[in-house]
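This report refers to the structure that appears directly beneath it.
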Amino acid sequence: MKKLIALLLAVLMAFSLVACADAPAGGDGDVTYAIVCKDASNPYMSRMVSGFKTACEALGVKCIEKSPETTSVDDQITIVNELVAQNVKAIAIAANDAAALEATLKAARDKGVAVVTLDSDTKGSQMFINQAGVTQVAQVLVDSVYDMTGGEGEFAVLSASSTATNQNSWIAAMKTIIEGDAKYAKLKWVETVYGDDESQKSTDETQNLMTKYPNLEVICCPTTVGVLACAQTVQNTEGCKIKVAGLGLPSEMKDYVGDDKVCPYMYLWNPIDVGSCAAYAIDAILDGKVGEVGTKFTAENETEYEVMAGDPADQQIIVGPPFAFNGDNIADWATVY
Ligand code: RAM
């Protein structure tokens, strides 16, 4: 009997050693990290997915993408539940709503799934992979408007969906900046409209603004889908003198950016890096390397990120500052993303 027990213990110990060796996040082909975008057709989101996939390959884990057709939070809830049922190890999600996903994400975490947000944060996520500092983004947008209006005049904002946390936090920070500095007192923010990251809706909203506000000088679009639709609409409208500011993909905006174009300059960051960083953050979380504010992890190219306090996710990291694209550099960047 004693021999049998000793044998059983030996087998159990051997098994637990193998299990420990396999326990870290990566390395095991059966581990899957999932990415859920705001919607499946936004080219900005596809760049993010490509970065996430490449990083998953480097980390030795499987990767799947599941995204809703449109920017619907209900569809995202269904998708997250499906992914949990599929036993994925982690989910990175660009949230379509600041609060509606909370219970679903918490339930996923209770089942042992690591959950991070990227691009657009929501309650229930354990860490937000923030593409750039909110105030930094808002400041470059406000300064673009200030510069393109010549310091005074009417401007409007064309956003994506009205529930997207990233869009709303940039817009709120723009308001704070404008109200907090007399320098911007002569700027008149006439309206904020929403194109839902759909090309046609963004075009329609641009046309509505043009009709409603004949003295409009600048339309500021903190969305890559919106800025493209807006630039195309302005360019195709004979005699229209509106300038377009915002956040755009250089590959999509190359024909519209430059001193003599509808969009003198615009900003963005590298969406491929945002996706890649999310996969490395997940890996670090599962490995137990990060957990507390102040802890650090290393992502691609030996870049080190420090975990900071966040809101609505408890924690966040900031991938990098916004970068300016103008007539001099747009052609080079258009080949990258
Ligand atoms: C759009 C989306 C996305 C945003 C970029 C700048 O593609 O709204 O959430 O981060 O623009």
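Model, not experiment: these values are computed from the prediction. Both ligands and their constituent atoms are indexed starting at 1 by order of listing.
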For a distance cut-off of 3.5 Å, show me each N or O of ligand 1 paired with any protein N or O, plus the separation.
unit_1, atom_1, unit_2, atom_2, d
ligand 1, 7 (O), Asn42, ND2, 2.9
ligand 1, 7 (O), Thr224, OG1, 2.6
ligand 1, 8 (O), Lys38, NZ, 3.4
ligand 1, 8 (O), Gln167, NE2, 3.2
ligand 1, 8 (O), Asp197, OD2, 2.8
ligand 1, 9 (O), Lys38, NZ, 2.7
ligand 1, 9 (O), Asp119, OD1, 3.2
ligand 1, 9 (O), Asp119, OD2, 2.5
ligand 1, 9 (O), Asn166, ND2, 2.9
ligand 1, 10 (O), Asp119, OD1, 2.6
ligand 1, 10 (O), Asn166, ND2, 3.3
ligand 1, 11 (O), Thr224, N, 2.9
ligand 1, 11 (O), Thr224, OG1, 3.4

- [ ] Would you please indicate if the ring centroids of Tyr267 and Phe325 are separated by under 6.0 Å?
- [x] no
Open item on the list: Going by side-chain contact (heavy atoms from CB on, under 4.5 Å), name the residues that satisfy it together with Thr135, two or more places apart in sequence or in a different chain.
Closed with: Ile177
Open item on the list: Checking one residue: Met308. Which other hydrophobic residues are in its cluster under the side-chain 4.5 Å linking rule?
Closed with: Ile318
Open item on the list: I'd like to check the ring-ring contact (aromatic ring centres under 6.0 Å, His included) partners of Tyr265; sequence neighbours left out, ordered by chain and number.
Closed with: none
TODO: May I ask you to decide whether Glu57 forms a salt bridge with Lys53, counting only side-chain N to carboxylate O separations under 4.0 Å?
DONE: no
Task: Gln315 side chain vs Gly291 backbone, donor-acceptor pair below 3.5 Å - done: yes
